[in-house]
Protein chains: 2
Amino acid sequence: MKPTIKDIAAESGVSIATVSRVLSHKTGTYSEKTQTKILAVAKRLGYRKNSTAVELVKKKAAVIALIINATPTNFSTQIIDGIQRRASELGQGVIILYAGNRNAELQHQAIVTALERAVSGILLAAIEPDAEDLTLLKESHVPFCFVSVYLGTDKVLSVSSDNEKLAATTTDYLLDRGHTHIGLAGVDTYHTGSQRIAGYQKALAARDIQETTIKYGDYSYESGRQLLAEFLPLKVTAIIAASDMVAAGLLNAAQEAGIAVPEQLSLVSIDGTDICRITTPALTSLTQDFYQIGAQSVDRVMGEKAATFVPVEMVERGSVKSVSRGG
Amino acid sequence: MKPTIKDIAAESGVSIATVSRVLSHKTGTYSEKTQTKILAVAKRLGYRKNSTAVELVKKKAAVIALIINATPTNFSTQIIDGIQRRASELGQGVIILYAGNRNAELQHQAIVTALERAVSGILLAAIEPDAEDLTLLKESHVPFCFVSVYLGTDKVLSVSSDNEKLAATTTDYLLDRGHTHIGLAGVDTYHTGSQRIAGYQKALAARDIQETTIKYGDYSYESGRQLLAEFLPLKVTAIIAASDMVAAGLLNAAQEAGIAVPEQLSLVSIDGTDICRITTPALTSLTQDFYQIGAQSVDRVMGEKAATFVPVEMVERGSVKSVSRGG
DNA sequence: ATAGGCATTGTAAACGTTTACGTAACGTGC
DNA sequence: GCACGTTACGTAAACGTTTACAATGCCTAT
């Protein structure tokens, strides 16, 4: 049988209350002598605390729930890493709950599971909630925060890149290099996609360019591969890919079609994970700081100070070529 | 205040025992009438069970702990996916605990945390345990299973690819295509690395080839990049990379050095994740079934039937060239 | 009518902690 | 010697469930 504080109490001739006080470091409530004695007995018995019992009486688990979509992208590792590290610093564990692939039922189920465990916070990574989920979360009185998704309002906690600004920056980057026929590939039809489209359109409009070429997708490699064919007849000279995977798909499809990157087609991807270094040529990217997004979302949900938007960075590699103006 | 079964009991005029029985589907112990009544009240009150209380009285949490290294490789997503899905089928949740990067202290801490929560099983992915950890695990009487690591003994539960056989298969594959100067790049110095080295050496010895060229690494892209230079003076015609990332590193370093793949150098990578499709040329790989490894490890740790070794598959892409015999 | 069985429900203990409250012992200052 | 504060510890309730056991009522076979 696993030893409990009761066993330690009996063994050392004190009450369980004293044992509890010593073991949970309620300093100032016990003498050094009893501390030494109890610690020795605890060690000898191989005592390990029962977190479940602690959580029951405290009515709060020192755990953050992370609900995450099995998206076809690959940044989740960095987000999880950031969350995990920061949570650990704050003395919180992390439960990860998968919500399938935009599966409303599983997504709902994951939230319920988190609520049942009285977690101290809920993080929703790359999740676009429906109205029901949002109500459920709000009524639960458990703090929650969207990660890498911004719902367009500050009423709901959120940590992400500023998608609109990021898309505008990327578009400007290509405009500055002489491109005027610029496509946008692989965006979704939810908040993130809409925000990026808005930034893309604004940047073009600011230079009096009416032509926009938007192709929707699901952020996957396959998505990128398929979309290339749709861009070909449109004589764009540059494409902004909604993810590294989309960019890789576009790149490989282009190479198979005999289109040289960056000579005939420039590519910029949004994300900036390791994928960008691996392709040939390496992909120039608007790099998001996923680690920070994860870390700050923990701060956010735990009530610490944190930014809503995490800065991004343009990283030049080899997939963009400047073209002569008026081209 | 969150409603409890006590509230439901009061509201519907029955005892908490009856409520509990209805809510936990102890069929045959309550009438249909009370069931209807209690369910209605529960719904009206917005009742949600308190898992913590359940776990305390049952002395077991319906949760599997997954302890995982932040390795520089990228297969963890697939493993987690397999674990998550299978666990969910068995009604188990999953807690993921990071163990840093081969950080003995964190690793130990993660095991202790799992033990404190009375989890139903512990999964250790890509973890090489030290003696102390192993003792701790064994004494805890909680079932545990190594994932994607085989300790070389069947006394400890484990699900992985058969590293020795897999390395031999890969080596044979290259031998069959006329290569006789074959390198092995990026293996570690623990169980997995040793087993692969053994397979590699045996396959060569079986064809009376004494020359072996082994370069150690940490499975990372950087590792691959750096190791290429060490192979160059050794005039190997083919290299087996210990991971996709290593292969990608070797590939890109080769291209920068003006060495054509596969014309001048053949590459096979062990893992077979999406990375292999993204590089140019695409990487031929000895593909592991990480999803199955994850899924079966859940079966293993939960006492269901499961294999220790999960089959692998050779997937031909574009990074291997046959050479004329005697080359 | 009666014993036995079954269906349904209630009572209360148990799980392992934390913590409010009470209390005893021991100064300390007067 | 007394009031008081402080220190150290114990008692017992509480957290929200599950479940062994007891109790009740009803039905059936005799």
Side-chain angles (χ1 to χ4, degrees), chain A residues 1-39 41-42 45-63 91 112-113 115-120 140, chain B residues 1-39 41-42 45-63 91 112-113 115-120 140:
Chain A
M1 239 13 224
K2 266 184 74 173
T4 70
I5 56 169
K6 215 166 173 175
D7 300 315
I8 299 179
E11 192 83 359
S12 42
V14 298
S15 73
I16 61 165
T18 302
V19 177
S20 171
R21 281 188 281 253
V22 169
L23 259 26
S24 51
H25 309 107
K26 295 266 174 298
T27 28
T29 70
Y30 49 83
S31 71
E32 198 172 329
K33 215 178 74 183
T34 38
Q35 179 188 28
T36 318
K37 184 172 58 184
I38 288 173
L39 254 30
V41 175
L45 261 39
Y47 171 77
R48 220 172 317 280
K49 86 162 160 234
N50 182 327
S51 297
T52 309
V54 176
E55 286 168 11
L56 180 59
V57 61
K58 292 206 170 167
K59 307 184 83 169
K60 251 319 168 225
V63 165
V112 170
T113 303
L115 260 22
E116 283 176 357
R117 307 201 84 84
V119 296
S120 47
S140 73
Chain B
M1 239 12 223
K2 266 182 73 173
T4 69
I5 55 168
K6 217 166 172 175
D7 300 315
I8 299 179
E11 193 82 0
S12 43
V14 298
S15 73
I16 61 164
T18 304
V19 177
S20 172
R21 282 188 280 252
V22 170
L23 259 25
S24 51
H25 308 106
K26 295 266 174 300
T27 28
T29 71
Y30 49 82
S31 71
E32 198 172 329
K33 214 178 76 184
T34 39
Q35 179 188 29
T36 317
K37 183 172 59 181
I38 288 174
L39 255 29
V41 174
L45 262 39
Y47 172 78
R48 219 170 320 276
K49 87 165 160 228
N50 183 327
S51 296
T52 310
V54 176
E55 287 168 10
L56 179 59
V57 58
K58 291 206 172 166
K59 306 185 86 170
K60 247 328 167 218
V63 165
V112 169
T113 302
L115 260 24
E116 283 176 357
R117 307 201 82 85
V119 296
S120 46
S140 72

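So you know, we letter chains A, B, ... as the sequences are listed, proteins then strands, and number each from 1.
Separating the OG atom in Ser12(A) from the CG atom in Asp7(A) is a distance of 10.0 Å, to the nearest 0.5 Å. Here NZ of Lys2(B) is found 9.5 Å from NZ of Lys59(A). Values are rounded to the nearest 0.5 Å. Atom CD of Glu116(B) is separated from atom CG of Asn50(A) by 9.0 Å, given to the nearest 0.5 angstrom. Atoms OG and NZ, on Ser120(A) and Lys60(A) in that order, are 7.0 Å from each other to the nearest 0.5 Å. To the nearest 0.5 Å, the span separating NZ on Lys49(A) from OG1 on Thr113(B) amounts to 8.0 Å.
Scanning DNA chain C 5' to 3' for nucleotides with an atom closer than 4.0 angstrom to a non-hydrogen atom of chain B gives a first and last hit of dT8(C) to dG16(C).
Within the 4.5 Å cutoff, side-chain heavy atoms of Ile5(B) are placed close to those of Tyr47(B). Side-chain contact between Leu39(A) and Gln35(A) is present, with heavy atoms from C-beta onward closer than 4.5 Å.
Using a 4.0 Å heavy-atom cutoff across all strands shown, Ser31(A) reaches sugar-phosphate atoms only and no base atom. Using a 4.0 Å heavy-atom cutoff across all strands shown, Val57(A) reaches at least one base atom of the nucleic acid. Residue contacts shown for Lys6(B) are absent, as no nucleic acid heavy atom lies under 4.0 Å away.
Across the interface with DNA chain D, nearest-nucleotide mapping of Thr18(B) and Thr52(B) shows Thr52(B) to be the residue nearer the 5′ end. Across the interface with DNA chain C, nearest-nucleotide mapping of Lys58(B) and Ile16(A) shows Lys58(B) to be the residue nearer the 5′ end.
As a whole-Å value, the separation of Glu32(A) CD from dT7(D) C1' is 14 Å.
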Using a 3.5 Å cut-off and no angle test, enumerate the donor-acceptor pairs between side-chain atoms of residues 19-27 of chain B and protein atoms at least two apart in sequence or in another chain.
from	atom 1	to	atom 2	distance (Å)
Ser24(B)	OG	Ser20(B)	O	2.6

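Axis deviation across the helix from dA1(C)-dT30(D) to dC30(C)-dG1(D) amounts to 50°, comparing end segments of five pairs, rounded to 10 degrees.
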